[in-house]
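Along the sequence shown, the residues carry numbers beginning at 1.
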Amino acid sequence: MSTLQYVIGMVLVLVALATLVATPLLIVHSRTTYDHGPTCYLCHPRLPRGRSRR
């Protein structure tokens, strides 16, 4: 197995583990009755917006 294949495999394993850990936490977070308000990034992500061109 080449080094490139090993690195790609390790990256995929780490992404899969991060997904497995994050999914239950995000589900619990979204089902709480507590109002997180506009400062909660998970509920109100601030995505960069492009400048409008006129």
Side-chain angles (χ1 to χ4, degrees):
M1 181 184 324
S2 71
T3 305
L4 180 61
Q5 289 175 328
Y6 179 77
V7 169
I8 291 172
M10 287 304 294
V11 168
L12 290 175
V13 166
L14 291 175
V15 168
L17 286 174
T19 303
L20 287 173
V21 170
T23 300
L25 297 175
L26 291 173
I27 290 172
V28 167
H29 176 81
S30 66
R31 292 183 180 218
T32 57
T33 57
Y34 171 72
D35 182 21
H36 302 103
T39 59
C40 179
Y41 182 77
L42 295 173
C43 298
H44 307 280
R46 290 183 178 86
L47 301 175
R49 299 178 189 207
R51 293 173 32 189
S52 59
R53 297 176 187 173
R54 294 182 178 192

What is the minimum heavy-atom distance between Thr23 and Thr19, and which atoms define it? OG1-O, 2.7 Å

Using side-chain contact (heavy atoms from CB on, under 4.5 Å) as the criterion, list what pairs up with Leu4, not counting sequence neighbours. Ser2, Ile8

Under the side-chain contact (heavy atoms from CB on, under 4.5 Å) rule, collect the residues that match up with Thr3, sequence neighbours excluded. Val7

Report the hydrophobic cluster partners of Leu14, with the cluster defined as I, L, V, M, F, W, Y residues connected by side-chain heavy atoms closer than 4.5 angstrom, directly or transitively. none

